[in-house]
Amino acid sequence: MTVWIRHRDFYHLDTHPEASQGHSSVSPEPSRGPSGQTQYWRWWRRAASYPLVLFIRVWRKLISPLYGNVCSFYPSCSAYGLESVTVHGLFRGSALTAWRILRCNPFTGGGVDHVPPSDRAWPEEELPAIVRLNHPPIPRDED
Amino acid sequence: MAFLDTIMWPFSWAVSFILSMWHSLLSLMGLPEGSGWNWAISILLLVLVIRIILIPLFVRQIKSQRGMQIIQPEIQKLQAKYKGKKDPVSRQAMAQEQQALFKKHKVNPFMTCLPILAQMPIFLALFWCLNRIGGSGQIGTGDTDYQSEGYFALSGEEVTSFANSRIFGVGMPDTFLGATQGDPALMGSTVTVIALTSVMIILMVGTQFFTQKQLMQKNMSEAALKGQFAQTQKIMLYALPLVFVFGGVYFPVGVLIYWTATNFWTMGQQWWVIRNNPTPGSMAEKELNLRRAAKGLPPVGEEARKAREEAAKPKSEHKGHTAQPKKKKKKKKKKKGQR
């Protein structure tokens, strides 16, 4: 049986740290379409975002290191961009990214700013690595 | 290319508009219209305009760094929590907690992305402008004749004047690469083009290197100098000049003027910031406190924090009688608990 992971699951984690990461929706197939809570995008639905995803990956590998750690947000603008385009698709993803870059100035003060949760789900082995990277489990404080 | 052109449209327009304005003004003030110096000074003034617009951002940036020393104890606590955890997941978790902490105390030591990203298309706009209006590059120009149709806010006459202007006999659109490949569009002689572009590439790379080195030597705290981050910075210190040496051979003289001027501005701005608002715990802060001590002023930053902590510590000789019985009580309680 395939283990399905929803993008939303990573957000329950932020408010309820005791929930185990990502495994809350174990079902053979998520319901698809507008009525369902989760949806799976097949390759044709994902395809539109591929060029931009590739561009951001190359940017993160080659150009980001040139000026080091400058972003005043978590996740950094490029990590946010990669996650939002992978998860929300080309149009909503690029709009979210553009808005984030505009907000990344000294007047906003930065802070933790995650990509808005989406209704998408993936079989565990297909989950994009950036989603896991941007939502690390926070260990409890000692006191 | 067409897609990029659409995105670049506002930047190309702004850059050509500012250049056109300064060129007209300088011509009014008596500089010959077709002179390369007129265009060179216009480019310098373009840099000035852009960097002046960015000043409020840097001032705000410095202000949001000021609170850093107040939250130093909490940052140390966080560092202790993640001590020895070097896997990517822990590093991400620590970064997230740190940002939450900065937000809570309304401080942020980071540069922010917008001012850096905003400067890239401006540079690209000038690069495209010089490459297209004349000279060796002519990337993707096709059959547009900019010298009669104009380029964004630059009129046809201005484009012709810009494309044919020279300094030291070298044309504004000339490149190092064009000179070594014997480009027929080259305006200066091979030797003078190579000489001038080489000097400018060295200046551009030199200022870049010096600025970065200054930042690392003087304005990083001792803790930051030991970390993983410092290692990456060290690699970048030497890798970045290489990138610009190889990139520089493609840059037209006009772009080299722009980039060198920008670097000089950054160098000056950073010198001022390091001198007056150094990072807590850095060498620049020690120097600042030495200068302050010479003037009879109290120290700032890390040393001031240490001094405050020292003052807050209880002094044993004053508390003699009251302190003694309390300590005994505590010890007794502990023993009871152990049984």
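Order of the sequence lines sets the chain letters (A, B, ...), proteins ahead of strands, with each chain counted from 1.
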K.L.:
What pairs of residues pass the salt bridge (Lys or Arg N to Asp or Glu O under 4.0 Å) test when at least one of them lies in residues 206-221 of chain B, not counting sequence neighbours?
P.N.:
B:K218-B:E287
K.L.:
Just wondering, more than 12 heavy atoms not from B:F123 lying within 6.0 Å of its CZ?
P.N.:
yes
K.L.:
If you count heavy-atom pairs under 4.5 Å with chain A, which of B:P56, B:S64, B:S90, B:C113 comes out on top?
P.N.:
B:C113
K.L.:
Name the option with the most non-hydrogen atom pairs under 4.5 Å to chain A; the candidates are B:Q212, B:E97, B:K106.
P.N.:
B:E97
K.L.:
Please tell me whether A:Y74 and B:Q92 have a donor and an acceptor in their side chains that are separated by less than 3.5 angstrom.
P.N.:
yes
K.L.:
Where does B:I116 contact chain A at under 4.5 Å (heavy atoms): side chain, backbone, both or neither?
P.N.:
side chain
K.L.:
Under 4.5 Å from any heavy atom of chain B, what part of A:P139 do you find: side chain, backbone, both or neither?
P.N.:
both
K.L.:
Sorted by first residue and then second, give each side-chain hydrogen bond (donor to acceptor under 3.5 Å, both in side chains) pair with at least one member in residues 49-62 of chain B; sequence neighbours left out.
P.N.:
B:R51-B:T266
K.L.:
Quick one: which residue pairs count as a salt bridge (Lys or Arg N to Asp or Glu O under 4.0 Å) with a foot in residues 50-75 of chain A, not counting sequence neighbours?
P.N.:
none
K.L.:
Do you know which of B:I235, B:V59, B:N108 has the most heavy-atom pairs under 4.5 Å to chain A?
P.N.:
B:N108
K.L.:
Compare every heavy atom of A:W59 with every heavy atom of B:L117, then report the nearest pair and how far apart it is.
P.N.:
CD2-CZ2, 3.6 Å
K.L.:
Name the region of B:Y82, side chain, backbone, both or neither, that has any atom closer than 4.5 Å to a heavy atom of chain A.
P.N.:
side chain
K.L.:
Side chain from CB out, backbone as N, CA, C, O: work out which of these in B:L57 comes under 4.5 Å of a heavy atom of chain A, or both, or neither.
P.N.:
both
K.L.:
Sort out for me which of B:Q98, B:K85, B:Q99, B:K103 touches chain A most, counting heavy-atom pairs under 4.5 Å.
P.N.:
B:Q99
K.L.:
Do B:T112 and A:C71 come within less than 4.5 Å of each other through their side chains, counting heavy atoms only?
P.N.:
no
K.L.:
Would you say the side chain of B:Q96 lies within less than 4.5 Å of the side chain of A:H114, judging by non-hydrogen atoms?
P.N.:
yes
K.L.:
Measuring heavy-atom distances to chain B, does A:N134 have an atom under 4.5 Å in its side chain, in its backbone, in both, or in neither?
P.N.:
both
K.L.:
Kindly compute the distance separating CD1 (A:I138) from CE (B:M94), expressed to the nearest 0.5 Å.
P.N.:
11.5 Å
K.L.:
Can you name the residues of residues 86-110 of chain A that have some heavy atom under 4.5 Å away from a heavy atom in chain B?
P.N.:
A:I101, A:L102, A:C104, A:N105, A:P106, A:F107, A:T108, A:G109, A:G110
